[in-house]
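The analysis underlying the following values was restricted to heavy atoms, covering all of them including side chains, and did not include hydrogens, waters or symmetry mates. Residues: numbered from 1 along the sequence shown.
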Amino acid sequence: MNGMKGKTAIVTGAGQGIGRDIALALAARGVDTAVIDVNAAGAEETAALVEQAGAGSLALACDVGDLGQAQECVAKTLAWRKQVHFLVNNAGIARDNLLIRMSEAEWDAVIRVNLTGAFNFTKAIARHMFKMRCGRIVNISSVIGLMGNIGQVNYAASKAGVIGLTKSAAREMAARNVTVNAVAPGFIETAMTDALPEKAREEMLRLIPLGAFGTGRDVANVVLFLLSDMGSYVTGQVLHCDGGMVMS
(Lines give C-alpha, C1' and ligand atoms only; values in the text may rest on other atoms or scores of the structure.)
Protein backbone atom coordinates (compact mmCIF):
# COMPACT_ATOMS: atom_id res chain seq x y z
CA MET A 1 0.00 0.00 0.00
CA ASN A 2 2.44 2.57 -1.21
CA GLY A 3 1.46 6.20 -1.38
CA MET A 4 -0.18 6.53 2.04
CA LYS A 5 2.86 7.79 3.96
CA GLY A 6 2.69 11.47 4.86
CA LYS A 7 -1.06 11.75 4.32
CA THR A 8 -3.56 12.72 7.01
CA ALA A 9 -6.60 10.91 8.36
CA ILE A 10 -9.45 11.59 10.74
CA VAL A 11 -10.79 8.55 12.62
CA THR A 12 -13.82 8.95 14.88
CA GLY A 13 -14.43 6.67 17.82
CA ALA A 14 -10.71 5.93 17.89
CA GLY A 15 -10.29 5.97 21.65
CA GLN A 16 -10.66 2.19 21.83
CA GLY A 17 -11.72 -0.93 19.96
CA ILE A 18 -11.97 -1.02 16.17
CA GLY A 19 -11.27 2.70 15.84
CA ARG A 20 -7.99 2.36 17.72
CA ASP A 21 -6.98 -0.60 15.54
CA ILE A 22 -7.71 1.47 12.41
CA ALA A 23 -5.65 4.40 13.72
CA LEU A 24 -2.71 2.10 14.49
CA ALA A 25 -2.94 0.41 11.09
CA LEU A 26 -2.77 3.84 9.47
CA ALA A 27 0.16 4.82 11.70
CA ALA A 28 2.06 1.72 10.58
CA ARG A 29 1.84 3.13 7.04
CA GLY A 30 3.01 6.58 8.05
CA VAL A 31 -0.40 8.28 8.04
CA ASP A 32 -0.74 11.16 10.51
CA THR A 33 -4.07 10.78 12.29
CA ALA A 34 -6.49 12.97 14.19
CA VAL A 35 -7.87 10.68 16.89
CA ILE A 36 -11.46 11.66 17.68
CA ASP A 37 -13.42 10.30 20.64
CA VAL A 38 -15.95 11.49 23.18
CA ASN A 39 -13.61 10.00 25.81
CA ALA A 40 -10.67 12.42 25.94
CA ALA A 41 -8.48 10.00 27.92
CA GLY A 42 -9.06 7.25 25.37
CA ALA A 43 -8.21 9.59 22.52
CA GLU A 44 -4.99 10.60 24.27
CA GLU A 45 -4.03 6.95 24.82
CA THR A 46 -4.55 6.10 21.14
CA ALA A 47 -2.70 9.23 20.03
CA ALA A 48 0.28 8.20 22.16
CA LEU A 49 0.26 4.74 20.56
CA VAL A 50 0.10 6.30 17.08
CA GLU A 51 3.19 8.37 17.87
CA GLN A 52 4.98 5.31 19.24
CA ALA A 53 4.29 3.70 15.86
CA GLY A 54 6.11 6.58 14.18
CA ALA A 55 3.26 8.76 12.87
CA GLY A 56 1.93 12.13 13.95
CA SER A 57 -1.25 12.34 15.99
CA LEU A 58 -3.75 14.87 17.28
CA ALA A 59 -6.15 13.86 20.06
CA LEU A 60 -9.50 15.66 20.05
CA ALA A 61 -12.48 15.12 22.34
CA CYS A 62 -15.75 15.36 20.43
CA ASP A 63 -19.44 14.53 20.60
CA VAL A 64 -19.81 13.38 16.98
CA GLY A 65 -23.56 13.97 17.12
CA ASP A 66 -22.96 17.73 17.33
CA LEU A 67 -22.33 19.29 13.92
CA GLY A 68 -20.54 22.29 15.42
CA GLN A 69 -18.08 20.06 17.28
CA ALA A 70 -17.48 18.01 14.13
CA GLN A 71 -16.73 21.17 12.15
CA GLU A 72 -14.39 22.34 14.89
CA CYS A 73 -12.48 19.03 14.81
CA VAL A 74 -12.05 19.26 11.04
CA ALA A 75 -10.88 22.88 11.35
CA LYS A 76 -8.33 21.95 14.05
CA THR A 77 -7.06 19.06 11.94
CA LEU A 78 -6.62 21.34 8.93
CA ALA A 79 -4.77 23.84 11.13
CA TRP A 80 -2.51 20.97 12.25
CA ARG A 81 -2.03 19.55 8.74
CA LYS A 82 -2.97 21.47 5.62
CA GLN A 83 -4.88 18.62 4.02
CA VAL A 84 -7.08 15.73 5.15
CA HIS A 85 -7.04 12.80 2.73
CA PHE A 86 -8.97 10.16 4.67
CA LEU A 87 -12.05 10.13 6.90
CA VAL A 88 -13.18 7.03 8.79
CA ASN A 89 -16.57 7.38 10.47
CA ASN A 90 -16.28 4.67 13.09
CA ALA A 91 -17.89 6.14 16.24
CA GLY A 92 -20.75 4.01 17.44
CA ILE A 93 -22.72 2.98 20.50
CA ALA A 94 -25.37 0.39 21.39
CA ARG A 95 -28.39 0.75 23.68
CA ASP A 96 -30.04 -2.63 23.19
CA ASN A 97 -33.59 -3.33 24.22
CA LEU A 98 -36.67 -5.02 22.85
CA LEU A 99 -38.79 -2.74 20.67
CA ILE A 100 -41.74 -2.67 23.09
CA ARG A 101 -39.40 -1.68 25.94
CA MET A 102 -37.07 0.67 24.06
CA SER A 103 -37.27 4.24 25.25
CA GLU A 104 -37.20 7.27 23.03
CA ALA A 105 -33.91 8.21 24.67
CA GLU A 106 -32.34 4.84 23.74
CA TRP A 107 -33.51 5.26 20.14
CA ASP A 108 -32.32 8.86 19.85
CA ALA A 109 -28.90 8.24 21.43
CA VAL A 110 -27.96 5.48 18.99
CA ILE A 111 -29.23 7.28 15.89
CA ARG A 112 -27.46 10.48 16.99
CA VAL A 113 -24.02 8.89 17.40
CA ASN A 114 -24.04 6.14 14.77
CA LEU A 115 -25.85 7.89 11.90
CA THR A 116 -25.88 11.63 12.58
CA GLY A 117 -22.22 11.44 13.62
CA ALA A 118 -21.26 10.01 10.20
CA PHE A 119 -23.35 12.69 8.48
CA ASN A 120 -21.77 15.48 10.53
CA PHE A 121 -18.14 14.56 9.78
CA THR A 122 -18.84 13.79 6.12
CA LYS A 123 -20.55 17.17 5.72
CA ALA A 124 -17.73 18.92 7.60
CA ILE A 125 -14.98 17.47 5.37
CA ALA A 126 -16.82 17.44 2.01
CA ARG A 127 -16.02 20.98 0.88
CA HIS A 128 -12.31 20.49 1.65
CA MET A 129 -12.14 17.23 -0.31
CA PHE A 130 -14.08 18.82 -3.18
CA LYS A 131 -11.43 21.54 -3.40
CA MET A 132 -8.64 18.94 -3.34
CA ARG A 133 -10.52 16.90 -5.94
CA CYS A 134 -9.59 13.74 -4.07
CA GLY A 135 -10.35 11.97 -0.83
CA ARG A 136 -11.44 8.68 0.67
CA ILE A 137 -14.28 8.23 3.15
CA VAL A 138 -15.08 4.92 4.86
CA ASN A 139 -18.12 4.49 7.08
CA ILE A 140 -18.28 1.62 9.53
CA SER A 141 -21.69 -0.07 9.27
CA SER A 142 -22.53 -3.56 10.59
CA VAL A 143 -24.03 -6.87 9.55
CA ILE A 144 -26.86 -5.93 11.90
CA GLY A 145 -27.77 -3.14 9.48
CA LEU A 146 -28.17 -5.80 6.78
CA MET A 147 -29.87 -8.64 8.66
CA GLY A 148 -31.43 -7.02 11.76
CA ASN A 149 -31.28 -8.51 15.24
CA ILE A 150 -33.56 -9.01 18.20
CA GLY A 151 -33.24 -6.17 20.69
CA GLN A 152 -31.39 -3.88 18.29
CA VAL A 153 -33.97 -1.97 16.23
CA ASN A 154 -32.15 1.29 17.00
CA TYR A 155 -28.68 -0.09 16.19
CA ALA A 156 -29.90 -1.88 13.03
CA ALA A 157 -31.71 1.24 11.79
CA SER A 158 -28.64 3.40 12.39
CA LYS A 159 -26.28 1.02 10.59
CA ALA A 160 -28.71 0.53 7.68
CA GLY A 161 -28.90 4.32 7.51
CA VAL A 162 -25.12 4.49 7.28
CA ILE A 163 -25.30 2.32 4.15
CA GLY A 164 -27.87 4.64 2.57
CA LEU A 165 -25.77 7.65 3.50
CA THR A 166 -22.73 5.97 1.95
CA LYS A 167 -24.38 5.23 -1.39
CA SER A 168 -25.93 8.69 -1.73
CA ALA A 169 -22.74 10.52 -0.72
CA ALA A 170 -20.75 8.34 -3.14
CA ARG A 171 -22.96 9.48 -6.02
CA GLU A 172 -22.71 13.13 -4.98
CA MET A 173 -18.93 13.13 -4.49
CA ALA A 174 -17.74 10.91 -7.34
CA ALA A 175 -17.39 13.79 -9.80
CA ARG A 176 -14.75 15.30 -7.49
CA ASN A 177 -12.81 12.02 -7.28
CA VAL A 178 -13.89 11.39 -3.69
CA THR A 179 -14.83 7.78 -2.93
CA VAL A 180 -17.27 6.83 -0.18
CA ASN A 181 -17.63 3.23 0.94
CA ALA A 182 -18.85 1.25 3.93
CA VAL A 183 -17.47 -1.72 5.81
CA ALA A 184 -19.94 -4.05 7.52
CA PRO A 185 -18.16 -5.94 10.30
CA GLY A 186 -19.66 -9.07 11.72
CA PHE A 187 -19.04 -10.25 15.26
CA ILE A 188 -15.79 -8.50 16.21
CA GLU A 189 -14.10 -8.96 19.58
CA THR A 190 -14.47 -5.58 21.32
CA ALA A 191 -15.45 -4.25 24.73
CA MET A 192 -19.00 -3.86 23.36
CA THR A 193 -19.33 -7.49 22.30
CA ASP A 194 -17.50 -8.76 25.39
CA ALA A 195 -20.48 -7.50 27.40
CA LEU A 196 -22.88 -9.91 25.65
CA PRO A 197 -24.07 -12.98 27.58
CA GLU A 198 -22.17 -16.18 26.81
CA LYS A 199 -25.31 -17.78 25.33
CA ALA A 200 -25.68 -14.91 22.84
CA ARG A 201 -22.00 -15.27 21.87
CA GLU A 202 -22.44 -19.02 21.26
CA GLU A 203 -25.51 -18.37 19.08
CA MET A 204 -23.58 -15.79 17.05
CA LEU A 205 -20.67 -18.19 16.55
CA ARG A 206 -23.00 -20.79 15.03
CA LEU A 207 -23.94 -18.25 12.32
CA ILE A 208 -20.33 -17.70 11.18
CA PRO A 209 -19.15 -20.10 8.44
CA LEU A 210 -15.48 -19.45 9.21
CA GLY A 211 -16.19 -20.52 12.79
CA ALA A 212 -14.45 -17.68 14.60
CA PHE A 213 -15.05 -14.12 15.72
CA GLY A 214 -13.17 -11.36 13.94
CA THR A 215 -10.68 -8.85 15.31
CA GLY A 216 -10.33 -5.12 14.97
CA ARG A 217 -7.29 -5.74 12.82
CA ASP A 218 -9.45 -7.69 10.35
CA VAL A 219 -11.68 -4.64 9.93
CA ALA A 220 -8.70 -2.28 9.77
CA ASN A 221 -7.24 -4.27 6.87
CA VAL A 222 -10.43 -3.80 4.82
CA VAL A 223 -10.47 -0.09 5.66
CA LEU A 224 -6.84 0.24 4.55
CA PHE A 225 -7.68 -1.32 1.20
CA LEU A 226 -10.50 1.17 0.60
CA LEU A 227 -8.33 4.14 1.64
CA SER A 228 -5.35 3.09 -0.44
CA ASP A 229 -4.76 3.47 -4.16
CA MET A 230 -5.75 -0.19 -4.54
CA GLY A 231 -9.34 0.84 -3.77
CA SER A 232 -9.39 3.88 -6.03
CA TYR A 233 -12.01 2.44 -8.42
CA VAL A 234 -14.38 1.32 -5.66
CA THR A 235 -17.15 3.63 -4.44
CA GLY A 236 -20.66 3.30 -3.08
CA GLN A 237 -19.95 -0.26 -1.95
CA VAL A 238 -20.43 -2.22 1.25
CA LEU A 239 -17.62 -4.67 1.96
CA HIS A 240 -18.51 -7.38 4.44
CA CYS A 241 -15.92 -8.39 7.02
CA ASP A 242 -17.87 -11.07 8.84
CA GLY A 243 -16.40 -14.52 8.29
CA GLY A 244 -19.18 -15.28 5.81
CA MET A 245 -21.98 -14.47 8.25
CA VAL A 246 -23.96 -12.52 5.62
CA MET A 247 -23.51 -13.69 2.03
CA SER A 248 -26.52 -12.27 0.24
Side-chain angles (χ1 to χ4, degrees), residues 1-5 7-14 16-31 33 35-36 46 49-50 53 55 85-92 114-115 117-118 121-122 125 134-147 155 158-167 169-170 173-174 178-193 204 207-248:
M1 295 183 180
N2 296 326
M4 299 185 76
K5 186 175 183 179
K7 292 188 175 179
T8 303
I10 291 174
V11 182
T12 70
Q16 63 177 348
I18 292 173
R20 175 173 288 180
D21 286 324
I22 293 170
L24 293 179
L26 288 167
R29 284 152 182 82
V31 178
T33 301
V35 178
I36 311 294
T46 299
L49 293 171
V50 167
H85 306 84
F86 311 131
L87 167 63
V88 182
N89 286 308
N90 167 74
N114 298 7
L115 181 54
F121 268 87
T122 301
I125 200 67
C134 68
R136 302 269 188 274
I137 298 173
V138 175
N139 300 318
I140 304 301
S141 180
S142 168
V143 293
I144 302 303
L146 298 162
M147 59 186 280
Y155 189 81
S158 70
K159 293 301 187 180
V162 165
I163 292 172
L165 183 158
T166 298
K167 293 179 178 292
M173 304 177 84
V178 177
T179 65
V180 188
N181 291 287
V183 176
F187 196 104
I188 305 298
E189 295 280 12
T190 65
M192 186 187 298
T193 55
M204 283 287 184
L207 298 175
I208 303 172
L210 284 181
F213 299 139
T215 67
R217 186 55 188 259
D218 293 324
V219 180
N221 286 338
V222 179
V223 173
L224 284 177
F225 163 72
L226 291 170
L227 296 180
S228 73
D229 288 345
M230 289 193 295
S232 62
Y233 199 56
V234 180
T235 196
Q237 303 303 306
V238 182
L239 296 191
H240 298 188
C241 181
D242 60 6
M245 190 173 178
V246 177
M247 295 190 183
S248 61

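Under the 3.5 Å distance criterion, the side-chain polar atoms of Asp242 are left unmatched by any main-chain donor or acceptor of Val143. A side-chain donor-acceptor contact under 3.5 Å links Thr12 to the backbone of Ala91. In terms of modelled atom types and a separation under 3.5 Å, the side chain of Asn221 and the main chain of Asp218 share no donor-acceptor contact. Side chain of His240 to main chain of Ala184: no donor-acceptor pair is present (N/O by atom type, distance under 3.5 Å, no hydrogens or angles).
Summarising the local packing, CD of Gln16 is surrounded by 12 or fewer heavy atoms from other residues, nucleotides or ligands at distances under 6.0 Å.
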>> Evaluate Leu239 against Asn181 for side-chain contact (heavy atoms from CB on, under 4.5 Å), listing each step before the verdict.
In response: CA-CA 8 Å; Leu239 296 191; Asn181 291 287; over 6 Å; no
>> For a side-chain contact (heavy atoms from CB on, under 4.5 Å) check, start with the C-alpha distance between Val234 and Thr179, then their side-chain angles and the critical distance, and finish with the verdict.
In response: CA-CA 7 Å; Val234 180; Thr179 65; over 6 Å; no
> After noting the C-alpha distance and the side-chain angles of Leu227 and Leu26, does the key distance pass the side-chain contact (heavy atoms from CB on, under 4.5 Å) rule?
Replying inline: CA-CA 10 Å; Leu227 296 180; Leu26 288 167; 3.8 Å; yes
> How far apart are the C-alpha atoms of Lys7 and Arg29, what are their side-chain angles, what is the distance that settles it, and do they pass the side-chain contact (heavy atoms from CB on, under 4.5 Å) test?
Replying inline: CA-CA 9 Å; Lys7 292 188 175 179; Arg29 284 152 182 82; over 6 Å; no
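Minimum heavy-atom separation, Thr166 to Gln237: CG2-O, 4.3 Å. Nearest approach of Leu115 to Gly161, heavy atoms of both residues: CD1-C, 3.5 Å. The two residues Gly19 and Val11 have their closest heavy-atom pair at O-CG1, 3.8 Å. Shown here for Gly145 and Ala160, the closest heavy-atom pair between the two residues is O-CB, 3.5 Å. Taking all atoms of both residues into account, the shortest heavy-atom contact from Ser141 to Pro185 is O-CD, 3.2 Å. In this structure, Thr235 and Val180 approach most closely via the heavy-atom pair OG1-N, 3.0 Å.
Listed by chain and number, the residues in a salt bridge (charged side-chain N to carboxylate O under 4.0 Å, His left out) with Arg136 amount to none (sequence neighbours excluded). Contacts of Ile144 classified as side-chain contact (heavy atoms from CB on, under 4.5 Å), with partners at least two apart in sequence or in another chain: Ser142, Asn149, Gln152, Tyr155, Ala156.
With rounding to the nearest 0.5 Å, the separation of NZ in Lys159 from CG in Leu165 is 11.5 Å. Within the model, atoms CD of Glu189 and CD1 of Ile18 stand 10.5 Å from one another, a figure rounded to the nearest 0.5 Å.
Under the 3.5 Å distance criterion, with hydrogens and angles disregarded, no donor-acceptor pair is assigned to the side chains of Ser232 and Asp229.
Put simply, the side chain of Phe187 does not reach to within 4.5 Å of the side chain of Leu207, judged on heavy atoms.
Each of Ile140, Asn139, Asn90 was evaluated against Val183; a single residue qualifies, Ile140, per the side chain to side chain contact (heavy atoms under 4.5 Å, CB included) test.
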